[in-house]
Amino acid sequence: MSNSDEKLVAALRASLKENDRLRAHNRKLSSAAREPIAIVAMSCRFPGGVESPEALWQLVDDGMDAISEFPENRGWNLGSLYDPDGERQNTSYVNKGGFLHSADTFDPVPFGISPNEALIMDPQQRLLLECSWEAFERAGIDPATLKGSKTGVFAGMMYHDYVHNSATGSIASGRVSYVFGFEGPSMTLDTACSSSLVALHLAAQALRSGECSMALAGGVAVMSTPEVFVEFSRQGGLSKDGRCKSFAGSTDGTSWSEGAGVLLLEKLSDARSNGHPVLAVLRGSAVNQDGASNGLTAPNGPSQQRVIRAALADAQISSDQVDLVEAHGTGTRLGDPIEAQALLATYGQGRAENDPLWLGSLKSNLGHAQAAAGVGGVIKAVQAIRHGVLPRTLHVDVPTPQVDWAAGAVELLTESRAWPERDRPRRVGVSSFGLSGTNAHVIVEQAPVVEEPEVDAVAELPVVPVVLSARSEAGLSAQAGKLLARLGESNSPSLLDVGFSSVVSRAALEHRAVVAAADREELVRGLTALAEGGVAASVVRGSVRPTGKVAFLFTGQGAQRLGMGRELYEAFPVFAAAFDAVLVELDARLGRSLRDVVWGEDAGLLNGTMFAQAGLFAVETALFRLAESWGMRPDFLVGHSVGEIAAAHVAGVLSLADAAELVVARGRLMQALPVGGSMVAVEATEAEVLPLLSGEVGIAALNGPRSVVVSGKESAVRELVATFEDQGRRTSTLRVSHAFHSPLMEPMLAEFGAVVAGLEFGAPSIPVVSGVSGTCRRVGARRSTGCGMCGKRCGSRTRSRSWCRGV
């Protein structure tokens with residue numbers, strides 16, 4: 001082959017490789033552009049006292065009607081506003097709708113908002129803040145941890161009539177981003193009644209393009225004035241009894257309602273890798289515009305068909321793969337027939353026999369929530385998927401005769417039905433058609449089934465801590481009251497679940513309380529005391545300093561007891577795994593099972609220096625690993641006696657093998673010394689004790705300004721202690737086999753030093769405070785020849801005052 005042919009072949013090969021690379025890159029981009037978006041949390045406020053997705057589902061599943069009379073707390077002139085005959089100008093012939101009667105209540109403290117600013121805030125902003133906070137906590141995310149993140153906010157809002165805050169709709173989304181410190185895209189959208197679904201569509205696009213890593217999407221509507229009732233009364237467009245009779249023959253107009261709903265979204269792959277719950281996925285979505293229809297605000301049937309087909313194409317599914325449509329269904333004689341005909345033309349064609357598209361509308365339960373209507377429909381859809389129920393639509397006497405229902409396989413849900421299992425995920429289409437002419441349709445799909453690892457049986461705990469926190473004392477009491485009410489429900493969770501959720505699903509705020517409950521009744525008593533400002537033996541409450549740091553102290557010999565760690569071992573797999581790993585190293589050096597000693601019945605054997613120190617090291621190390629698994633990371637570590645070896649090990653100064661070698665050698669050498677000597681705690685200062693020391697007695701520990709432990713030959717110690725007892729000072733003899741940290745330890749130091757010389761010392765990952773000098777061995781500092789507990793450390797005094805000051 002000639003040189004030119006070789007060059008040609010090489011060029012062709014390079015071109016083919018480049019084509020393969022470009023195809024792979026294109027497949028990756030196409031996949032990312034269509035990746036399902038996970039709904040990882042939902043929160044809402046809707047009429048009928050609905051303050052959660054669960055409450056919304058209960059309302060829908062029970063077929064409840066949430067319509068009520070005009071609110072009395074908004075300053076509306078109700079006497080002159082309502083005219084049932086509709087004859088007077090500037091009146092409403094309807095005095096009912098779906099209202100958030102508590103829209104005037106708000107606790108600004110959790111959001112760092114002053115009371116004065118809260119008064120002039122649009123209530124829609126307040127609701128978005130509350131729902132956003134709840135959405136994060138429902139996903140198990142502390143909102144404070146997201147400051148500076150690329151979290152996006154997409155909020156639909158169509159009312160700008162709050163007297164103190166008019167023409168400032170942009171601030172609604174901006175305030176959420178500001179309060180939480182988000183740096184992703186943030187926008188308020190006003191396409192009228194389709195606003196929240198348009199927000200959802202744009203949030204999904206932003207997530208797929210990488211503009212944000214997580215997104216809040218939803219909408220809010222609160223009518224600060226009755227203007228919309230007056231205007232639609234003038235046009236004769238309101239339902240006389242205040243109910244939306246969606247797709248019914250008795251349809252006579254719409255019913256205005258309010259609400260707020262927020263969805264927390266992530267790309268499905270991100271939600272899985274982050275360990276967040278996946279309630280459902282957004283499979284596809286589309287948005288379009290009516291264009292030049294038969295009127296500026298009139299709906300356009302062909303445009304509605306096009307937006308549905310576009311959403312199905314985005315989801316890459318056919319129309320017969322959708323089981324239910326949560327319709328716009330406003331209950332008007334103009335809009336409902338147009339929407340029904342669009343559904344018949346799209347979803348109603350090509351379906352298998354006896355497999356119609358089922359049609360429902362949340363508006364039949366609570367009216368038209370306007371900018372929050374679409375997100376309310378999505379929440380209803382997700383809950384229906386998860387419960388396996390197709391809930392009924394209310395107020396349908398007969399399907400509207402204005403529609404040829406025989407033109408396709410679409411049926412109204414006049415009764416609830418079980419949602420059968422299929423060989424594919426359950427799917428719901430959700431529609432919103434805005435007064436602006438902007439249409440939106442989304443496809444919500446059942447979350448993919450993930451094989452969960454087998455979970456070992458849960459061990460019951462003798463006491464379960466239930467943790468509450470808030471930004472104020474009043475807020476803490478309110479939290480206790482809400483949890484108390486939840487426990488009174490028929491489907492309330494177990495005590496263990498309550499304790500677990502209280503830790504992993506709530507932000508850790510400044511004012512805190514813990515109820516240590518052995519059973520449900522004790523939890524109820526403790527929560528009642530918290531809610532009512534009383535006291536209970538099981539309750540501890542207080543506040544924290546946000547700038548404070550945490551130090552872990554590992555204790556020394558004397559803390560051992562038979563059975564220590566057994567209940568923790570049975571209850572917590574992390575503790576059990578760490579404990580087992582330590583015992584493997586210790587047992588090999590002890591020549592017998594330490595577990596049999598620690599969990600045995602011979603207290604004298606455990607109290608022997610060698611087993612006491614080894615047992616404490618094992619339990620303390622496992623305790624640290626358990627606390628670490630809960631996200632607790634100390635700023636400093638400090639240890640007393642053998643506890644200093646545990647501190648060095650968990651800080652990374654000593655490997656587990658070297659730490660075990662040191663612990664066993666230390667205990668063996670100490671125990672081999674002649675039994676005898678004495679250790680006594682004395683009420684005295686260091687300055688008072690120093691002149692009385694001799695070669696036979698020394699200071700073992702300085703535990704405080706007037707608390708000293710002396711150690712040494714028994715007769716010498718007794719003589720020194722008598723001096724202070726004669727002065728009426730308190731003394732306490734410690735139950736030990738040897739006079740630790742005294743001159744009597746010196747015979748072991750040479751051999752102990754040889755053991756130390758064979759160890760390797762690393763850099764601490766957590767600062768370790770010396771028990772001798774009180775100085776701190778910082779992260780990254782290396783020491784290759786020894787550490788604080790080595791060399792003459794066994795015979796030197798433990799300067800507790802020094803390490804206290806250092807910490």
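Keep in mind that this is a model prediction, so the values were computed, not measured. Position 1 is the first residue of the sequence; numbering continues from there.
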Chemist: Donor-acceptor check, side chain of T621 to backbone of A618, threshold 3.5 angstrom: yes or no?
Modeler: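 No, the answer is negative, given that no donor and acceptor are paired below the 3.5 Å cut-off.
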Chemist: side-chain contact (heavy atoms from CB on, under 4.5 Å) for V619 and V582? Distances and angles first, verdict last.
Modeler: CA-CA 9 Å; V619 171; V582 178; over 6 Å; no
Chemist: Locate the shortest heavy-atom distance separating A739 from G677; write the atom from each residue and the value.
Modeler: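 Here A739 and G677 meet closest at CB-CA, 4.0 Å.
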Chemist: Would you say L692 and V697 make side-chain contact, with heavy atoms under 4.5 Å?
Modeler: no
Chemist: Indicate whether any N or O donor in one side chain lies under 3.5 Å from an N or O acceptor in the other, for S494 and D497.
Modeler: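 S494 vs D497: donor-acceptor pair found between side chains.
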Chemist: Sort out for me which residue in W599, F617, F624 forms a ring pair (Phe, Tyr, Trp, His ring centres under 6.0 Å) with F579.
Modeler: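 With F579 as partner, W599, F617, F624 yield a single ring pair (Phe, Tyr, Trp, His ring centres under 6.0 Å), made by W599.
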Chemist: I want to check something: taking the side chain as every heavy atom from C-beta on, are E725 and R730 in contact at a cut-off of under 4.5 Å?
Modeler: no
Chemist: Judged by atom type as modelled, is there a donor-acceptor pair below 3.5 Å linking the side chain of S711 to the main-chain atoms of A700?
Modeler: no
Chemist: For T733 and R718, test the side chains for any donor-to-acceptor distance below 3.5 angstrom and give the result as yes or no.
Modeler: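 Distance-only check fails for T733 and R718.
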Chemist: Mind checking what makes side chain to side chain contact (heavy atoms under 4.5 Å, CB included) contact with R589, not counting sequence neighbours?
Modeler: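 Side chain to side chain contact (heavy atoms under 4.5 Å, CB included) list for R589, sorted by chain: E585, A657, A660, E661, V664.
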Chemist: Please enumerate all residues that pass salt bridge (charged side-chain N to carboxylate O under 4.0 Å, His left out) together with E601, with sequence neighbours excluded.
Modeler: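 E601 satisfies salt bridge (charged side-chain N to carboxylate O under 4.0 Å, His left out) with no residue once adjacent residues are dropped.
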Chemist: Compare every heavy atom of V597 with every heavy atom of L562, then report the nearest pair and how far apart it is.
Modeler: CD2-O, 3.7 Å
Chemist: Is it the case that atom CD in E473 sees more than 12 heavy atoms from other parts of the structure closer than 6.0 Å?
Modeler: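 More than 12 heavy atoms, drawn from other residues, nucleotides or ligands, come within 6.0 Å of this atom.
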Chemist: Evaluate side chain to side chain donor-acceptor pair (under 3.5 Å) for R666 paired with S641, printing each intermediate quantity in order.
Modeler: CA-CA 10 Å; R666 187 178 190 271; S641 191; 3.3 Å; yes
Chemist: Mind running side-chain contact (heavy atoms from CB on, under 4.5 Å) on R138 and W133 for me, showing each step along the way?
Modeler: CA-CA 9 Å; R138 282 174 167 268; W133 185 290; over 6 Å; no
Chemist: Carefully, step by step, assess R595 and D587 under the rule salt bridge (charged side-chain N to carboxylate O under 4.0 Å, His left out).
Modeler: CA-CA 9 Å; R595 189 193 312 268; D587 288 354; over 6 Å; no
Chemist: Would you say the side chain of T731 lies within less than 4.5 Å of the side chain of E683, judging by non-hydrogen atoms?
Modeler: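 Heavy-atom side-chain distance check fails, nothing below 4.5 Å.
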Chemist: Report the distance from atom OG of S629 to atom CZ of F575, rounding to the nearest 0.5 Å.
Modeler: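 Atom-to-atom, S629:OG and F575:CZ are 11.5 Å apart.
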Chemist: Does G488 offer a backbone N or O that forms a donor-acceptor pair with the side chain of S492 under 3.5 Å?
Modeler: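 Here the side-chain-to-backbone pair does not exist.
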Chemist: So does A507 get a backbone contact from the side chain of S469, meaning a donor-acceptor N/O pair under 3.5 Å?
Modeler: yes
Chemist: Can you tell me if R471 uses its side chain to pair, donor with acceptor, with the backbone of P110 under 3.5 Å?
Modeler: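 Between the backbone of P110 and the side chain of R471 there is a qualifying donor-acceptor contact (under 3.5 Å).
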Chemist: Quick check: do S149 and E183 have side-chain heavy atoms less than 4.5 Å from each other?
Modeler: no
Chemist: Which pair of heavy atoms, one from G526 and one from A536, lies closest together, and at what distance?
Modeler: CA-CB, 4.4 Å
Chemist: Rounded to the nearest 0.5 Å, how far apart are CD of Q557 and CG of L616?
Modeler: 7.5 Å
Chemist: What's the separation between atom CD in Q671 and atom CE in M610, rounded to the nearest 0.5 Å?
Modeler: 5.0 Å
Chemist: If you measure from CG on L527 to CD on E532, what distance do you get to the nearest 0.5 Å?
Modeler: 11.0 Å
Chemist: Considering residues at least two apart in sequence or located in another chain, which fulfil the salt bridge (charged side-chain N to carboxylate O under 4.0 Å, His left out) criterion with D635?
Modeler: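 Partners of D635 by the salt bridge (charged side-chain N to carboxylate O under 4.0 Å, His left out) criterion come out as none, since no residue qualifies.
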Chemist: Short question: side chain of D658, backbone of L654 - any donor-acceptor pair under 3.5 Å?
Modeler: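 No, because the side chain of D658 does not come within donor-acceptor range (under 3.5 Å) of the backbone of L654.
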Chemist: Please examine the side chains of V539 and V514, heavy atoms only from C-beta on, and report whether any two atoms are closer than 4.5 Å.
Modeler: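 Of all side-chain heavy-atom pairs linking V539 with V514, none is under 4.5 Å.
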Chemist: Taking the side chain as everything from C-beta on, heavy atoms only, tell me whether R486 gets closer than 4.5 Å to P493.
Modeler: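 Touching, per the 4.5 Å side-chain cut-off.
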Chemist: Check the pair L129, F180 against side-chain contact (heavy atoms from CB on, under 4.5 Å), reporting the backbone distance first and the verdict last.
Modeler: CA-CA 9 Å; L129 285 172; F180 292 103; 4.3 Å; yes
Chemist: Any side-chain heavy atom of V710 sitting closer than 4.5 Å to one from M679?
Modeler: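 Side-chain contact under 4.5 Å: no.
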Chemist: With a 3.5 Å distance limit and no angle check, can you tell me whether R512 reaches the backbone of L509 through a side-chain donor-acceptor pair?
Modeler: yes
Chemist: Report the distance from atom CG of L530 to atom CG of L483, rounding to the nearest 0.5 Å.
Modeler: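 With rounding to 0.5 Å, CG (L530) is 10.0 Å from CG (L483).
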Chemist: Decide yes or no on ring pair (Phe, Tyr, Trp, His ring centres under 6.0 Å) for F136 and F182, but give the supporting numbers first.
Modeler: CA-CA 13 Å; F136 286 117; F182 303 150; 5.6 Å; yes
Chemist: Kindly give the heavy-atom pair with the smallest separation between H738 and M670, and that separation in Å.
Modeler: NE2-O, 3.2 Å
Chemist: Report yes if the side chains of L690 and E686 come closer than 4.5 Å at any heavy-atom pair, otherwise no.
Modeler: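 The answer is yes, as the side chains (C-beta and beyond) meet within the 4.5 Å cut-off.
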Chemist: Return the minimal non-hydrogen interatomic distance between Q560 and M564, and the atom names on each side.
Modeler: CA-SD, 3.9 Å
Chemist: CG of L496 to OG of S501: how many Å apart, nearest 0.5 Å?
Modeler: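 Output value for this atom pair is 9.5 Å.
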Chemist: Step by step, work out the side-chain contact (heavy atoms from CB on, under 4.5 Å) result for V682 and V709.
Modeler: CA-CA 6 Å; V682 180; V709 177; over 6 Å; no
Chemist: For L476 and A470, which heavy atoms make the closest approach, and how far apart are they?
Modeler: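 Residues L476 and A470, closest heavy atoms: N-CB, 3.3 Å.
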Chemist: Can a donor-acceptor pair be found, under 3.5 Å and without considering hydrogens, that links the side chain of D142 to the backbone of A144?
Modeler: yes
